[in-house]
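Here's the structure, in structure tokens; my notes come after.
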Amino acid sequence: MAKTGTTTQGLRAAIERSGYYPTLVAEAVQAAVGGEPVVSYLVHQETTFDANEVRRHVTVLVLTGTRFIVSHTDEQAADATSPSPYATTSTESVKLGRISSVVLSRVVANPESYTPGQLPREVVLTIGWGAVARLDLEPAACGDPNCEADHGYTGSSTADDLSLRVSEAGDGPDSVRETLTFAQALSEATAATTTS
């Protein structure tokens, strides 16, 4: 379930509608947002199946005039460290100028008949700000097939701080639309900070 909008009251209402520990999630998000006005937000709840367990978690993305805020809450079953079930919630606040990439991947069915404005069946929003990077390395080689010299390694580093997948089949068309709206608002905000 994803919900997007532009007001602090709307953000609180979207968190309430998600039904996922709304008091806990709302308090964590509000503490991170502080007194700043909310420009845009996205609330995405996801259920995953892990062996014999059903696990839920919610991600809340908030855009203010100066920051991008990520809040993530997971529930955990009782374990050796806690005799009762518990939830873990974390927030991260990132200055807009630190966001290095906003990647939106769209999966479109029947691309030969695509029409402008048609909703993708799935979107993946990936946002990078340098906190986490994925490094893919492989042995380097030269063009000589008989060469036995060590040419070191070659590879690429990819910013991969947050990746959020939303599909029409799993989350509904409104969730896909709301993710597109938030991605556009974030992309425009980061572009504005690099030009000012």
Residues pairing under salt bridge (charged side-chain N to carboxylate O under 4.0 Å, His left out) where one sits in residues 58-71, two or more places apart or in two chains, turn out to be Glu36-Arg67
Verify the cluster assignment for Leu104 and Leu162: are they in a single hydrophobic cluster under the rule of side-chain heavy atoms below 4.5 Å apart? yes
By side chain to side chain donor-acceptor pair (under 3.5 Å), Thr81 pairs with (sequence neighbours left out) Asp79
Find out whether Val25 and Val60 are in side-chain contact, i.e. whether some heavy atom of one side chain is under 4.5 Å from a heavy atom of the other. yes
Check whether any side-chain heavy atom of Leu61 sits under 4.5 Å from a side-chain heavy atom of Leu125, and report yes or no. yes
If we ignore hydrogens and angles and just use 3.5 Å, is the side chain of Arg121 paired with the main-chain N or O of Val107 as donor and acceptor? no
Do Val123 and Leu119 sit in the same hydrophobic cluster, where Ile, Leu, Val, Met, Phe, Trp and Tyr count as joined when their side-chain heavy atoms come under 4.5 Å apart? yes
So with a 6.0 Å cut-off around CD of Gln118, is the heavy-atom count from everything else above 12? yes
Assess whether side chain to side chain contact (heavy atoms under 4.5 Å, CB included) is satisfied between Thr179 and His44, documenting all intermediate values. CA-CA 9 Å; Thr179 303; His44 183 260; 5.6 Å; no
Which heavy-atom pair separates Ile99 from Trp129 by the least distance, and what is that distance? CA-CB, 4.0 Å
Would you confirm whether Thr88, through its side chain, and Asp74, through its main-chain N or O, come within 3.5 Å as a donor-acceptor pair? no
Inter- and intrachain pairs under salt bridge (charged side-chain N to carboxylate O under 4.0 Å, His left out), touching residues 110-119, at least two apart: none
Contact summary for Ser167 and Val176, nearest pair of heavy atoms: C-CG2, 3.7 Å
Do any pairs count as a ring pair (Phe, Tyr, Trp, His ring centres under 6.0 Å) and have a residue in residues 70-99, sequence neighbours left out, and if so which ones? His57-His72
Considering residues at least two apart in sequence or located in another chain, which fulfil the salt bridge (Lys or Arg N to Asp or Glu O under 4.0 Å) criterion with Glu75? Arg56
Here the pair of heavy atoms bringing Ser175 nearest to Asp171 is OG-O, 3.0 Å
Donor-acceptor pair, side chain of Ser82 and main chain of Ser84, under 3.5 angstrom: yes
Could you check if a side-chain atom of Leu63 sits within less than 4.5 angstrom of a side-chain atom of Leu96, using non-hydrogen atoms only? yes
Check whether any side-chain heavy atom of Ile69 sits under 4.5 Å from a side-chain heavy atom of Val33, and report yes or no. yes
Are the side chains of Val62 and Leu42 in touch, meaning some heavy atoms are under 4.5 Å apart? no
Please name all residues satisfying side-chain contact (heavy atoms from CB on, under 4.5 Å) with Val124, sequence neighbours left out, ordered by chain then number. Ser105, Glu122, Thr126, Ser163, Arg165
Holding to side-chain contact (heavy atoms from CB on, under 4.5 Å), I want the full list of residues that pass it with Arg12, two or more places apart in sequence or in another chain. Glu16, Ala26
If you look at every heavy atom in Val29 and Leu11, which pair is closest and at what distance? CG1-CD2, 3.7 Å
Return yes if some donor-acceptor pair links the side-chain N/O of Gln184 with the main-chain N/O of Glu188 below 3.5 Å, else return no. no
Shortest non-hydrogen contact from Pro173 toward Glu168: CB-OE2, 3.8 Å
Please give me the minimum heavy-atom distance between Asn146 and Asp144, naming the atom from each residue. N-OD1, 2.9 Å
Mind checking what makes side-chain contact (heavy atoms from CB on, under 4.5 Å) contact with Ala149, not counting sequence neighbours? Cys147, His151
Tell me every residue that passes side-chain contact (heavy atoms from CB on, under 4.5 Å) with Thr89, counting only those two or more places apart in sequence or in another chain. Leu24, Ala28, Ser71, Thr73
With side chains defined as the heavy atoms from C-beta onward, is the minimum distance between Tyr41 and Ile15 less than 4.5 Å? no
Side chains of Val103 and Ile127: does their closest heavy-atom pair fall under 4.5 Å? no
